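For reference, the structure is listed below as structure tokens.
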Amino acid sequence: MFKTPLAVLSSATLICATLATPGFAQQAAGSAVRGSTSTQESQQERENARESARGAAENQGRTRSRRMRAAPPVDPAVAMAEAQAILTTANNSCVPTEAAMMGQDQERNKVYEVACAAGTGPGYIILAKTPAELTDCVLLASQADRARAANPEAEVDVCKLPGNQNPLGVITGYAQTAGVTCTIDQGTAIGRNAGKDVYEVGCNGVDGYWVERDDAGVWTKTECTIITSQNAACRFTTTAEMAASFKTRLVGTAADDCDVTAVRFMGANNNGRFYEAKCAAENTGYIARTNLEGAVQQVYACATAQRIGGGCTLTPATAANEE
């Protein structure tokens, strides 16, 4: 019997919130399609808490913006030196390339914006209090995109320095560090997951990913085929792109003639991960077992695979049995 990754929720509800992990802990026993009422209820409770936290965080950012006091002009070199001192004290890896004094909050704490050299940080809004509060510019940009999608007239907070105007470039760098090799054409910050920063990237014509970074700076990636199997959403990946990616995995196997039209992740056990692929040919499909790197180790025709993880569901079971 398979063990499935822990359940995740729709990325649309996760900005600035704690979210359920899409990683490969594989602690939830049972088949890939099995659920429980208690799990659904606990997920709903967590979703409500996340939505509340997300709203509070976004409101806090807007309130801070409205309450900002103007400050006397500050020489850019002075702003750079002061921002660098704060980053050093905060033990932050950002190497600032630009810095600007934005104003002061109601308590007259200075507020800075900094852009970071490539690979050293996403850029930040810094509230110079003790301890300093740093707000991620990529996260702000992702929040703004969501808010504007819902309401083009929405009031949003974004970073304004030229060096902070390419959040996709920053996210692409993150994904490449995590081992993503596709041509990335879209990306967004999702939020925090048990101490991990989570991002989604879309790939040109193939399966996309969620990528995570833990507090030790270690990156991991999870393909959207797996993410969507856990009732979460990949905003930038289509069913056709997931199918196209899986079709390439079947090349050189007994199923290499399968023109994959749909694919689903079924679960995993000590023998590997299991996927079902539906083929364009009528009543034809396969279950494929892969290793952790995604290479196909074995394929089983749906007609004879009823005992593997509950069998095929994309290919009609009765038709498959008749073959």
Side-chain angles (χ1 to χ4, degrees), residues 2 4-5 7-8 10-12 22-24 31-33 175 178-188 190 199-211 220-268 271-306 308-321 323:
F2 300 148
T4 63
V8 291
S10 170
S11 59
F24 299 120
S31 73
V33 296
V180 176
T181 59
C182 69
T183 300
I184 295 170
D185 52 16
Q186 292 174 292
T188 191
I190 295 178
Y199 303 83
E200 180 190 345
V201 293
C203 297
N204 184 18
V206 293
D207 204 356
Y209 295 87
W210 279 17
V211 295
T220 56
K221 68 182 188 297
T222 307
E223 67 206 59
C224 282
T225 297
I226 293 178
I227 295 297
T228 56
S229 76
Q230 302 299 304
N231 297 320
C234 279
R235 296 170 54 194
F236 309 133
T237 300
T238 65
T239 298
E241 287 174 325
M242 288 187 281
S245 282
F246 204 76
K247 181 178 180 179
T248 65
R249 297 196 199 184
L250 296 177
V251 172
T253 73
D256 63 2
D257 60 343
C258 177
D259 183 7
V260 180
T261 60
V263 61
R264 72 180 178 99
F265 176 67
M266 300 174 65
N271 295 320
R273 298 176 185 156
F274 292 78
Y275 300 79
E276 179 191 353
K278 176 178 173 59
C279 309
E282 186 176 3
N283 299 330
T284 304
Y286 295 90
I287 289 176
R289 176 176 59 83
T290 78
N291 60 20
L292 295 181
E293 288 70 43
V296 174
Q297 305 292 297
Q298 193 169 0
V299 295
Y300 314 84
C302 283
T304 58
Q306 294 89 350
I308 300 177
C312 296
T313 61
L314 301 177
T315 299
T318 53
N321 290 336
E323 292 182 358

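Hydrogens, waters and symmetry mates are skipped; everything else that's a heavy atom, side chains included, is used. None of the values given here were measured: they were computed from a predicted structure.
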Side chain of Q297, backbone of G272: donor and acceptor closer than 3.5 Å?
no

Quick one: pull up CZ in F236 and SG in C224 and give me the separation to the nearest 0.5 Å.
9.5 Å

Non-hydrogen atoms of C302 and Y286 that approach each other most closely:
SG-N, 3.5 Å

Exercise: identify the closest heavy-atom pair between A233 and W210:
O-CZ2, 3.7 Å

A305 and I287: which non-hydrogen atoms are nearest, and at how many Å?
CB-CD1, 3.8 Å

Residue pair Q298 / R289, side-chain donor-acceptor N/O under 3.5 Å
yes

Can you see which heavy atom on A178 is nearest to which on T220, and at what distance?
CB-O, 3.9 Å

Return the SG to CD distance between C312 and Q306, rounded to the nearest 0.5 Å.
8.0 Å

When rounded to the nearest 0.5 Å, the distance separating CD1 of I308 from CZ of F274 is 6.5 Å

Of the non-hydrogen atoms in V299 and L250, which two are nearest, and what is the gap between them?
CG1-CD2, 4.3 Å

Between Y275 and R249, is there a side-chain heavy-atom distance shorter than 4.5 Å?
yes

Rounded to the nearest 0.5 Å, what separation is found between the CD1 atom of I184 and the OH atom of Y199?
13.0 Å

Going from CG on D207 to CD1 on I227, what distance comes out if it is rounded to the nearest 0.5 angstrom?
9.5 Å

Out of curiosity, I226 CD1 to C234 SG, how far, rounded to the nearest 0.5 Å?
10.5 Å

Expected output: side-chain T284 to main-chain E282 donor-acceptor under 3.5 Å
yes

What are the two closest heavy atoms between T237 and V201, and how far apart are they?
OG1-O, 4.5 Å

Which of K278, M242, E276 passes side chain to side chain contact (heavy atoms under 4.5 Å, CB included) with R264? Answer is E276

